[in-house]
Structures are given as C-alpha cells and as structure tokens.
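Notes for the one structure printed next.
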Amino acid sequence: VDRLAQMTNSLLDLARLEESSETRKTDEPKQVLREAFELVARPDRELVITLPESLPPLRIAPENLRLVATNLLENAFKYSSPGGKVRFVVERAGSGITMVVEDEGVGIAPEHLPHLFERFYRVDPVRTKGGSGLGLALVKAAVESASGKVRVESEVGKGSRFFVELPGC
C-alpha cells in the first residue's frame, strides 16, 4: 500500500511538472539544498558537500529544487556500497548553477544511459532496489520546467555522475 501511494504521488508530481507553465523562483537555494541533505542523510554513507559561500536566486520552485536534490542523492546512496562516498558539488555557472551528484556505486552500462530519464525505466535486476522507476523522470521534468538541463555519465564498476544546470533569475 505504501509503495502504491508513493507511486501515485510520484505520478501526480510528474503530471504537475509536465503541465505547469508557471515560472517560480528560489531566493535561498542554499537553504533548500541543506533541507534536502537532512532529508536523505544516511549513517552508513558519507555525504561530501561542496557549496559556494552564496548562491544566486534560481528559476526553479523551491519544492522542485528539493525534489531534484533528494532524488539524485537517494539514488546515489541506494547504488553505493555501505561506507561509500557520495559527493554533492554546486558551482556557480554564469547567472545560475551547476550541481553534480557523484557516487562510487555499481555504475550503469552505456546502453542504458539514453533511457534513464524515461518513466518506469529500470536498468536491470542487479540495480532493482525498490522504487518505482519514476525518480529520474521527476528530476528531468523538474529541471526542464525551469529551462535547465540534466545529463549523466557513468561507467560500470566505477559509479555515476549526474549533472544539473539551472538558470538564475
């Protein structure tokens, strides 16, 4: 029941993101990101955070920025080994930012990379660790609703890096 409720909520979020033409902004992205870090923290994984002293206001709703950060971090933790490191790096890029979430996990084979952001796409049974297959579709919809970009690089056995570019206001 919990899993169905979570899937239903994810589908509703996805529909909201894809249908919304409203442009909102986040005045305090650093605070929103800190909230996301607290939501996903795990005692058996190390989270290394690199944030600049200040961040510009971003053209993304606070709840969407939180969704992007939490989904990417949850995936990084999920596919990393206990004791593994997850890195979350934010850099200024023009008037906006670039976020990089990097793990030392199992990695993703090249043939799967073009499909990762599709709804319900699952790589293979080895990577099936719960979830609905909607997390990365939500990330993509949230980023694109802010006129941003998301991409991934990965190598089997060496982990993955997700890059998110978000424009400033």
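Here, residue 1 is the first one in the sequence, and each next residue gets the next number.
Atoms CZ and CG, from R151 and L113 in turn, are 11.5 Å apart once rounded to the nearest 0.5 Å. In this structure, OG in S54 is found 10.0 Å from CD in E28, a value given to the nearest 0.5 Å. The CZ atom of F162 sits 10.5 Å away from atom CG of N71, with the distance rounded to the nearest 0.5 Å. Taking CZ from R59 and OG1 from T26, the interatomic distance works out to 12.0 Å, rounded to the nearest 0.5 Å. Atom CD of Q31 and atom CD of E35 lie 5.0 Å apart (nearest 0.5 Å). Considering CG of L58 and NZ of K25, their distance stands at 10.5 Å, rounded to 0.5 Å.
Looking at residues two or more places apart in sequence or on another chain, you find a side-chain hydrogen bond (donor to acceptor under 3.5 Å, both in side chains) between E63 and R24.
The heavy-atom pair separating V101 from A76 by the smallest distance is CG1-CB, 4.0 Å. Closest non-hydrogen pair, R66 versus L39, comes out as CD-CD1, 3.8 Å. Residues L33 and M99 approach most closely at CD2-SD, 4.0 Å, considering heavy atoms. Among all heavy-atom pairs drawn from S160 and S154, the shortest one is OG-OG, 2.7 Å. Taking both residues in full, the closest heavy atoms of P62 and V32 are given as O-CG1, 3.5 Å, listed atom of the first, atom of the second, then distance. For the pair A36 and A69, the tightest heavy-atom approach, listed with the atom from each and the gap, is CB-CB, 3.8 Å.
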Trace of the side chain to side chain contact (heavy atoms under 4.5 Å, CB included) decision for V143 with L166: CA-CA 7 Å; V143 169; L166 292 170; 4.3 Å; yes
Side chain to side chain contact (heavy atoms under 4.5 Å, CB included) between S80 and K85, worked out: CA-CA 8 Å; S80 293; K85 268 186 202 170; over 6 Å; no
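Annotation: E118, atom CD; neighbour count of heavy atoms from other residues, nucleotides and ligands within 6.0 Å is above 12. At most 12 heavy atoms of other shown residues, nucleotides or ligands fall within 6.0 angstrom of atom NZ in K158.
The shortest side-chain heavy-atom distance between L72 and L136 falls under the 4.5 Å cut-off. Between P82 and R45, the closest side-chain pair of non-hydrogen atoms falls below 4.5 Å. Contact check for L51 versus F37: side-chain heavy atoms found under the 4.5 Å cut-off. Side-chain atoms of P29 and L65, non-hydrogen and from C-beta on, do get closer than 4.5 Å to each other.
With hydrophobic clusters built from ILVMFWY side chains whose heavy atoms lie under 4.5 angstrom apart, V139 shares a cluster with L47. Residues V86 and I49 share a single hydrophobic cluster, defined by chaining ILVMFWY side chains whose heavy atoms lie under 4.5 Å apart. No path of Ile, Leu, Val, Met, Phe, Trp and Tyr side chains, each step under 4.5 Å between heavy atoms, connects L73 with V89, placing them in separate hydrophobic clusters.
With D103 contributing its side chain and G159 its backbone, the two residues share no donor-acceptor pair below 3.5 Å. Side-chain atoms of K30 come within 3.5 Å of backbone N or O of E53 as a donor-acceptor pair.
Partner V164 forms a side-chain contact (heavy atoms from CB on, under 4.5 Å) with one of V100, V90, V68 and no other, that one being V68. Each of E104, E102, E46 was checked for a side-chain hydrogen bond (donor to acceptor under 3.5 Å, both in side chains) with R87, and the lone residue meeting it is E104.
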